[in-house]
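The figures here come from the full heavy-atom set of this structure, side chains too, leaving out hydrogens, waters and symmetry mates. Proteins come first, then strands; the chains are lettered A, B, ... in the order of their sequence lines, and each starts at number 1.
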Amino acid sequence: MTQPTALPNTAFTQPAESLDSFAPRILEWFETHGRHDLPWQQHQTDTPNPYMVWLSEVMLQQTQVATVLPYFARFMESFPTVQDLAAADWDAVAEHWAGLGYYARARNLHKGAKQLVAVINETGNFPQTVDGWQAIAGVGPSTAGAIVAMGLHGYGVICDGNVKRVLTRWAGIDGDITKSATDKVLWALATRLTPRAHSGRFAQGMMDMGATLCIRRKPACLLCPLQADCIAHAQGRETDYPVKAKKQAKPSKFSKALLLQNPAGELLWLQRPDNGIWGGLWSLPLAFEQKTQGKKVLSVATEDKAFEAEYSTAEQIIDTWLKKNKVVDANQPMDAPAAIKHSLTHFHWFLTPHIQRVDSKDAQALSDMLKAADVRFVWQTVDVATALSLPRAMVKILDSGAAE
DNA sequence: ATCCAGGGTG
DNA sequence: CACCCTGGAT
């Protein structure tokens, strides 16, 4: 995924006059109405500091300006240069990042600082190209464009969420922006509109537009320099853009996660069939959970029935055995753990841990049946089981303390 | 309480 | 393409 190096043969929805006057309008608006006091901005100086732009852009990938401000200040105070950041202990970096979220990005930031220092030691300077910046951990196409444009005063194109909102509205682009085809169109348009000179001010202006005027709800079209030829505005449909595939409502499914515990305190684990969900991973046995309210059995949705059919052979054996032997949850504690929620692509899965103690005779009987059916299973304590390859949902269940 | 935005990674 | 994690909107 790199920025396009050449313009695709794209037919733009706006006429040439509109395309050509776009940048001048943004630049003029930025001069009078844009933000000029953000501590990482470098457009006021002839000697821009790419470190500050890189640091701020990585923070702004995930967080709004107001939240970033104090974090940025503390980073700059503790790590005034990229060399300081690269030389810092991870713990110190993590401490400064704590609360911002997406901690993998803090790791990328630290890694990126070391990569940058290596580049500087080798070439005497920060990377000077978009591709050079994209080689740095945590820097993708848009962040790279922003850094070159604003941190080096070079030529860079940005196409982040704010820009996409402005462009889809102005050009009436109604393709699903989560699709790569639409992403290409938007990058092509952004590239066509970005002026050779002052691409940094243009980038900052576009971000300010998206953050202050062309906002998701209730955009301030009256104040917008693009109003005259904005297609969404002409349609009175500003908030219909950008178009994003509606995430279809996910159905909910309910299962018991059985913590079958033998007298040694070991739990029964099943290795799931290679095909299907969690193929080859280890899981607690799952069982269909009947939804009840008081004593009344609630009607079960059809998708739940379909899902019930997906239980593995081993689970059907266990379920049948439990029912036949009338084993009940006699030892279910009063503070029984609540269901953990696990969301998959097409449904939400609520897994309710059920502790079920079995005596040695029953454990042996169960083992014999599973062995006869060629099922891969183990009895293991939680501590040992964590070394198995467990899907996230199982980790969640163990973390919930259900097995204690 | 629930939904959703946000850019990059593996 | 799922996932990361928090804050803001409703």
Side-chain angles (χ1 to χ4, degrees), chain A residues 1-3 53-72 94 96-113 115 130-131 133-150 156-169 176-184 186-187 190 203 206-207 210-212 214-219 239-252 277-279 281 338-339 341-350 389-396 399:
Chain A
M1 193 66 66
T2 57
Q3 291 195 340
V53 175
W54 167 66
L55 178 59
S56 66
E57 283 299 322
V58 171
M59 291 178 164
L60 290 164
Q61 283 171 3
Q62 72 202 47
T63 312
Q64 298 196 330
V65 167
T67 307
V68 163
L69 284 168
Y71 282 89
F72 179 81
H96 280 71
W97 193 271
L100 266 185
Y102 285 117
Y103 300 99
R105 294 186 189 188
R107 294 192 178 278
N108 280 337
L109 189 76
H110 197 207
K111 180 179 174 186
Q115 292 173 319
V130 170
D131 284 346
W133 276 97
Q134 266 196 250
I136 303 302
V139 177
S142 200
T143 302
I147 295 168
V148 171
M150 302 191 295
V157 177
I158 65 165
C159 195
D160 64 5
N162 277 337
V163 172
K164 285 174 178 170
R165 187 167 54 252
V166 174
L167 294 186
T168 53
R169 287 174 176 172
D176 180 350
I177 65 162
T178 66
K179 290 195 299 191
S180 66
T182 311
D183 189 64
K184 267 188 194 165
L186 287 166
W187 270 100
M206 288 294 285
M207 294 192 296
T212 65
C214 197
I215 54 182
R216 202 154 69 89
R217 294 173 232 265
K218 302 188 180 180
T239 54
D240 288 349
Y241 299 86
V243 173
K244 216 171 279 192
K246 311 165 187 76
K247 343 189 159 179
Q248 52 199 24
K250 299 176 183 177
S252 296
I277 190 168
W278 305 336
L281 301 188
K341 183 179 174 182
H342 186 72
S343 293
L344 293 95
T345 320
H346 46 304
F347 59 91
H348 298 293
W349 204 354
F350 292 87
S389 45
L390 302 179
R392 276 182 52 80
M394 291 302 125
V395 176
K396 283 186 208 168
D399 285 351

What pairs of donor and acceptor atoms, side-chain ones from residues 97-104 of chain A against any protein atom, are under 3.5 angstrom apart with sequence neighbours left out?
unit_1    : atom_1 : unit_2    : atom_2 : d
Trp97(A)  : NE1    : Gly101(A) : O      : 2.8
Tyr103(A) : OH     : Gly99(A)  : N      : 3.1

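Shown here are the ring pair (Phe, Tyr, Trp, His ring centres under 6.0 Å) partners of His96(A), two or more places apart in sequence or in another chain: Phe75(A), Phe79(A). Under the rule for a ring pair (Phe, Tyr, Trp, His ring centres under 6.0 Å), the partners of Phe72(A) that lie at least two apart in sequence or sit in another chain are Trp40(A). Listed by chain and residue number, nothing satisfies the side-chain hydrogen bond (donor to acceptor under 3.5 Å, both in side chains) test with Thr239(A) (two or more places apart in sequence, or in another chain). Residues passing the side-chain contact (heavy atoms from CB on, under 4.5 Å) test with Ala149(A), sequence neighbours excluded: Ser199(A).
Residue contacts shown for Val139(A) are limited to sugar-phosphate atoms, with no base heavy atom under 4.0 Å away. Residue-level contact check: Arg165(A) touches the backbone only, with heavy atoms under 4.0 Å from sugar-phosphate atoms and none from bases.
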Distances under 3.5 Å between nitrogen or oxygen atoms of protein and nucleotides 7-9 of chain C:
unit_1 : atom_1 : unit_2    : atom_2 : d
dA9(C) : O3'    : Arg217(A) : NE     : 3.1

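Here the C1' atom of nucleotide dC5(C) and the CD atom of Gln61(A) are 14 Å apart, to the nearest Å. Following rounding to the nearest Å, Tyr103(A) (OH) and dT9(B) (C1') show an atom-to-atom distance of 18 Å. Between the CD atom of Gln62(A) and the P atom of dT9(B) there is a distance of 13 Å, given to the nearest Å. Between the P atom of dT9(B) and the NE2 atom of His110(A) lies a distance of 17 Å, rounded to the nearest Å. The separation between Trp54(A) atom CH2 and dG8(B) atom C1' is 14 Å, rounded to whole Å. Across the protein-nucleic acid pair, Asn108(A) atom CG and dC4(C) atom C1' stand 11 Å apart, rounded to whole Å. Spacing between atom CD1 of Ile215(A) and atom C1' of dC4(B) amounts to 16 Å, rounded to whole angstrom units. Here the P atom of nucleotide dC5(C) and the CH2 atom of Trp97(A) are 12 Å apart, to the nearest Å.
Of the inter-residue distances, the one linking Trp187(A) atom CH2 with Ser180(A) atom OG reads 14.0 Å to the nearest 0.5 angstrom. How far NZ of Lys164(A) is from NZ of Lys244(A): 9.0 Å, rounded to the nearest 0.5 Å.
Annotation: of the two residues near DNA chain B, Leu60(A) and Ala137(A), the 5′-most nearest-nucleotide partner is Leu60(A).
Between Thr143(A) and dG8(B) there is a side-chain polar atom (N or O) within less than 4.0 angstrom of OP1 or OP2. Contact annotation: Tyr102(A) side-chain N/O to dT9(B) OP1/OP2 distance is not under 4.0 Å.
Ranking dC5(C), dG8(B), dG6(B) by closeness to the Asn162(A) side chain, first place goes to dG6(B).
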